[in-house]
Each structure stands twice: as structure tokens, then as C-alpha cells.
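Shown next, in C-alpha cells, is the structure this report addresses.
Atom set for the values below is all heavy atoms of this structure, side chains included, hydrogens, waters and symmetry mates excluded. Each residue takes its place number in the sequence, starting with 1. All values derive from a computational prediction rather than experimental measurement.
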Amino acid sequence: MLATIQSGALLGIDAHSVQVEVNAGEHGDPKVFMVGLPDSAVKESIDRVRSALSNTGFKNPETRTTINLAPGDIRKEGPMYDLPIALGMLGATRQIGDEKLAGFLDQYIIAGELSLSGGLRPIRGGLALAMLARQTGKRGVILPPESADEAALVEDVEVIPVRSLDEAVRLIEGELSVQPLDSKQSPFRQPPDAAHWIDFSEVKGQHTVRRAVEIAVAGGHNLLLVGPPGSGKSMIAKRIPTIMPEPTLDEYLEILAVQSAAGVSFKDENRCFARPFRSPHHTISDVGLIGGGANPGPGEISLAHHGVLFLDEMPEFKRSTLEVLRQPLEDGDVTISRSAGKVTLPAALMLVAAMNPCPCGYLGDNRHECRCNPTTIQRYRSRISGPLLDRIDLHVEAPALTFEELRSAEKGESSAVMRERVMEARGVQGRRFLSDKNGSRLTACNARMSHRQIRQHCAINREQGDLLQQAMEELKLSARAYDRILKVARTIADLSGAASIETVHLLEAIQYRSLDRRLFY
């Protein structure tokens, strides 16, 4: 007898329909054969399914059984097919009623990893499977509870959690009633844990850096912090998410889709309604940063989608690794081509980088003597290329704190106050781009403006143009830097409530490019 179960396969962060066909009762040795481009983890599911069936009180097929994962030209990965294969075997051996199986399972996409006892473990891509169910007109999905929590955020789709193979069978037979999850009760709807909350009020001094950070977040601009050890660069960077606006539901679904495909959505710290903050170690590989693998999956830049990617000690990263950031920073996504296929992953992120002015870190510090010679300093700085630096909008010096600042008991401005100003500026930008009929899908902030939008929204008068030309010539800036100065000036104007860019806004934006040539050329 032939049984067919609906499931899915992950390609990047998207799911594609897969039919799990199980045919039992064939003549020959009582073996199980699997076809349809399964990888090793999928092939191993046969042993897991056999044990789960036995420990749940069902019989394994006693004849030759063939399992086909269709379509056969898409590679299948991971243990997500355990549950549909087990249900297919029960249907093919008539241990589940044929009519009940067909009538129920044609309307649901099913996935789950089985333990040897028959319990279910979470699988990657639960959210993508729910989106696939909505796209294909299915009634819903049947998933392990941990994966069902994220899938419940998709509207107009029933998400049914099952904890074991036995529960799934009793659900199909009508012996068990399971209510679909309510998306409003999903843990992913909850705000971050206040017990782990950090605040900008804990940052002492560094008023110039705080101002630059506020501008960067208000416009979604990339930021580079340069200063000696202990000046607070990392401390400031880790507090940037506390002043970022809350993501919209559409943005959060994109964030969670990437995290789900990468398998990081099961960690407690990621199960909340917040923007991501990723801080990879400097030993990360090119693939780890940009994504890839035999079947391409998301890397750190995609995991930071709609959030912050923080590169501490940026020159310590391999130069080849840093160079892969060029295209994603410009386009907001990354396309990866491998033998298994080509996928485009989202990467609309805010890059925040920190570095020392020299290898020892004390160049220009009045209280410490720099031990580096000019050749060493030049070699250290040249690890960051000019084209990559062009894509960083604001470059800010973070000087060492004085003893008076360290001893001061006075608290700085809180994250709540800074976030309120950021939200007002983002609101101005949202209304601006909402009325822009030709705006790109990614235009949610000034940093994502197209060239046409720059001409429309960043107009400057003749005197301001002459001023900008003089700055370009003296600092030897590129055409890309010209556009980014205008974007930053537009954000500064939004923060001040100005309808157009004024000279003071333009001068401040130019000031944030002053490190271009002095540090790197």
C-alpha cells in the first residue's frame, strides 16, 4: 500500500514542498530503501523510525519498503523527515486507517525529529514551513512544541504541537484533540528579559561617541569606533540594541525566519521580540560570516538582519573575511552560489566596528607610551581596505576616559531618553518613504536610500555644495562617501526636526568622515 505525507525542505531560509511517499508490501527482502537525494542524517532516520515505532507499540514493515522524497532534484537534509516517514510507514502497513490518514494529512505539512523512544525533538525551519503552508493553501502544520512556538506567529495557519509519535497517531485517529496555538501566547511575542537589561546610563563620559551612536541608530548607518583599550567601545556597542526601535511584525518574521533556518531560535536568549545583536569572534571564517555550506545556509551577517553586527577588534579579522562584507553592506542581501543551488539571504544590517588606533592601542594617548613603529602601525591599519571603509558612514574617535570621569557618580543619559529621540527620527523617515511610491522594499531608514531618493530628499544649496566639494577634495573622499555624507546629514536634520539639510548638519556629517585618510592612508 502507498501512503503520502506532506512535508518540506529548507533552501536557504525558505521552505519548498516535499512529498514523503512510502510504499510497503513489495516482494523481496524486508529492507527499507530511501531515494530522493537524502543526506546522511536523512538516511539515518530509518533506524530512528524503526526504534520509535517499536517503542510506541507499532510494528515495523515486514516486507520490502521504498521511501521516496519528491521532488528528487532537491537535496534533503536533517532529521526533519522522521515523523512523516513514521506516519507513512504506519499508513502503508494499514496500522492507521487509510481514509483518516489521507483526509487529515493532505491538509497539513508535517515535520519532526524522533527520539528512539518515540518522543519528538525540535527541527530547524518551523516558521518557514508555516509560511509554506499558507502559500500552498494548506490548513496548517504539525510540529514539535519548540518549533511550533515560532510557527504560530504566521497568521491564517493552524499550528498543532505534538510531543510524540503516539500523540500524532491519536490525533489522526481522532482519539486526541489538540488546540492550535494562539500566536499572541507565543514566547517570541514577549519582550526581552528585564533582568539582563543594560542601559546607556552606565556609560561614563564619551559624549561625542554617544551622539554619533544616536545618529547611527536613527538613520541605520554603519559606525566605526576608534580608541585605546578601556575607552568603552565594546560597552557602548553592546548597548546599541537598547535604543533601537522595536521591529515591526513583518521585520520580526524575517529575523525569526533566518534564526529558525540556522537553528538558533531554540536558545532562550533568542526567544523574545527583539532585534538581533551578533558579535562573532575575529577567528570566524568567510563562510561563517557570509553563509554557505554544501546546502547554503545563513551566516552571521544574515543572523544580524534588521539588527546589529558588531565586529570587535576589526583589524584582527582576516582581510578576506572582511572583504565579503562589501556587497551585503551595499545591497542589503547576499547571494550564495553552490553546487546544491543558489540562494539569496537577507542582510539589511547595521554594522558597528571597533578598533585600536595601533597594535598596542596607545597611539595618541597622553598617559601611555605607544610601542609601535610606523611600519607596524601602517600594516595594522591597512587590514581594513579603503572600499570597505567607504561603506562605513560614521568614524568616531573614542578617547581614553579621565580619572575624574571614571570616579564620577553622575549617570549619563538613559537608553529610554535616547530611544525616544531615535523613534521620533525614524517616524519622520517612515512617513517620508511611505509617500515615496517608487521606494525600495528595504527603504525603512535613511541609510537605505537609493540614488534617486538621495537627490529627492537630500537636496543642498549652492553654498553647501561648495562646502562639501572642498571637504571632498581635502579629505580625498570617494563618490560613495559623498552619498553617505548626505544620508548622515539628512538623519541629523531629522533628529533636530528640520525640514531640510542645514549647513550645521552638513558640517557635522563631514566631521564623521575625518578619519578616512588620517588613519588609513
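- You'll find the side chain of Pro145 stays beyond 4.5 Å of the side chain of Leu181, heavy atoms only.
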Inset, instruction - Evaluate the criterion side chain to side chain donor-acceptor pair (under 3.5 Å) for residue pair Ser385 and Glu323; output intermediate values, then yes/no. - result: CA-CA 8 Å; Ser385 68; Glu323 290 306 298; 2.7 Å; yes
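- At distances below 3.5 Å, at least one donor-acceptor pair connects side-chain atoms of Gln327 with backbone N or O atoms of Asp333.
- Contact record, Ala425 with Leu495: CB-CD2, 3.8 Å, taken as the closest heavy-atom pair.
- Residues Val324 and Ile301 fail the side-chain proximity criterion, which asks for heavy atoms closer than 4.5 Å.
- With a 6.0 Å radius and a threshold of 12 heavy atoms from other residues, nucleotides or ligands, Arg367 has its CZ atom above the threshold.
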Inset, instruction - Show your reasoning for whether side-chain contact (heavy atoms from CB on, under 4.5 Å) applies to Thr208 and Glu397. - result: CA-CA 8 Å; Thr208 301; Glu397 290 186 78; over 6 Å; no
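- When all heavy atoms of Asn356 and Pro228 are compared, the closest pair comes out as OD1-C, 4.0 Å.
- Within 6.0 Å of CZ on Arg371 lie no more than 12 heavy atoms contributed by other residues, nucleotides or ligands.
- We find that Lys487 and Asp483 are not joined by a salt bridge, their nearest charged nitrogen and carboxylate oxygen being 4.0 Å or further apart.
- Within 6.0 Å of NZ on Lys238 lie no more than 12 heavy atoms contributed by other residues, nucleotides or ligands.
- Of the options Lys411, Arg239, Arg210, a salt bridge (Lys or Arg N to Asp or Glu O under 4.0 Å) to Glu202 is made by Arg239 and by none of the others.
- In this structure a side-chain-to-backbone donor-acceptor pair under 3.5 Å is present from Ser382 to Arg379.
- Of the charged side-chain nitrogens involved, none lies within less than 4.0 Å of a carboxylate oxygen, so that Glu150 and Arg271 do not count as a salt-bridged pair.
- Distance check: Leu351 CG to Arg391 CZ gives 12.0 Å after rounding to the nearest 0.5 Å.
- Remark: the backbone N or O of Ile123 is paired with a side-chain donor or acceptor of Ser147 at under 3.5 angstrom.
- Not a single donor-acceptor pair under 3.5 Å links the side chain of Thr344 to the backbone N or O of Thr335.
- Atom CG of Leu363 and atom OH of Tyr380 lie 10.5 Å apart (nearest 0.5 Å).
- The residue from Arg426, Arg431, Glu424 that alone fulfils the side-chain contact (heavy atoms from CB on, under 4.5 Å) condition with Val428 is Arg431.
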Inset, instruction - Report the C-alpha distance between Ser234 and Phe310 in whole Å, list the side-chain angles of each, state the deciding distance to 0.1 Å, and finish with yes or no for side-chain contact (heavy atoms from CB on, under 4.5 Å). - result: CA-CA 9 Å; Ser234 299; Phe310 176 47; 4.0 Å; yes
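- Atom CD1 of Ile13 sits about 11.5 Å away from atom CG of Leu11, to the nearest 0.5 Å.
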Inset, instruction - Before giving the answer on salt bridge (Lys or Arg N to Asp or Glu O under 4.0 Å), spell out for Arg121 and Glu146 the whole-Å C-alpha distance, their side-chain angles and the decisive distance to 0.1 Å. - result: CA-CA 8 Å; Arg121 295 192 175 103; Glu146 294 87 346; over 6 Å; no
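- Remark: side-chain polar atoms of Ser260 are paired, donor with acceptor, to backbone N or O of Gly125 under 3.5 angstrom.
- Between Phe273 and Tyr252, the angle of the ring planes lies from 30° to 60°, which puts this pair in the tilted group.
- When side chains are defined from C-beta on, Arg513 does not count as touching Val488, because their heavy atoms never get closer than 4.5 Å.
- Taking both residues in full, the closest heavy atoms of Ala274 and Pro247 are given as C-CG, 4.2 Å, listed atom of the first, atom of the second, then distance.
- Here the side chains of Val213 and Phe200 are in contact, with some heavy-atom distance below 4.5 Å.
- Without hydrogens or angle criteria, Glu113 side chain to Pro79 main chain gives no donor-acceptor distance under 3.5 Å.
- Counting heavy atoms from C-beta outward, Asn222 and Arg484 have side chains that approach closer than 4.5 Å.
- A donor-acceptor pair is defined here as one N or O able to donate and one able to accept, closer than 3.5 Å; such a pair exists between the side chain of Ser186 and the backbone of Asp149.
- Considering all non-hydrogen atoms of both residues, Ala493 and Ser500 come closest at CB-O, 3.9 Å.
- The shortest distance between side-chain heavy atoms of Ile501 and Cys458 falls below 4.5 Å.
- Contact annotation: the side chain of Pro399 approaches that of Gln206 to within less than 4.5 Å [non-hydrogen atoms, C-beta and beyond].
- Closest heavy-atom contact between Leu129 and Ala111: CD1-CB, 3.7 Å.
- With values rounded to the nearest 0.5 angstrom, Ser496 atom OG is found 6.0 Å from Glu502 atom CD.
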Inset, instruction - Check the pair Cys370, Asp365 against side-chain contact (heavy atoms from CB on, under 4.5 Å), reporting the backbone distance first and the verdict last. - result: CA-CA 8 Å; Cys370 177; Asp365 192 330; over 6 Å; no
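- Between the CD atom of Gln429 and the CZ atom of Arg448 there is a distance of 12.5 Å, given to the nearest 0.5 Å.
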Legend entry - Residues Glu246, Glu251; criterion side-chain contact (heavy atoms from CB on, under 4.5 Å); working and verdict: CA-CA 10 Å; Glu246 188 177 81; Glu251 286 178 336; over 6 Å; no
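- Among all heavy-atom pairs drawn from Ala216 and Met350, the shortest one is CB-CE, 3.6 Å.
- Not one N or O on the side chain of Arg124 forms a donor-acceptor pair closer than 3.5 Å with the backbone of Ala262.
- Interatomic distance, Ser279 OG to Leu311 CG, rounded to the nearest 0.5 Å: 7.5 Å.
- Between the side chain of Arg319 and the backbone N or O of Ile384 there is no donor-acceptor pair closer than 3.5 Å.
- For the pair His305/Arg278, no side-chain contact is recorded, criterion being any heavy-atom separation below 4.5 Å from C-beta on.
- Under the 3.5 Å distance criterion, the side-chain polar atoms of Arg275 are matched with a main-chain donor or acceptor of Pro245.
- Using a 30° and 60° split on the angle between ring planes, His282 and Phe317 fall in the perpendicular class, above 60°.
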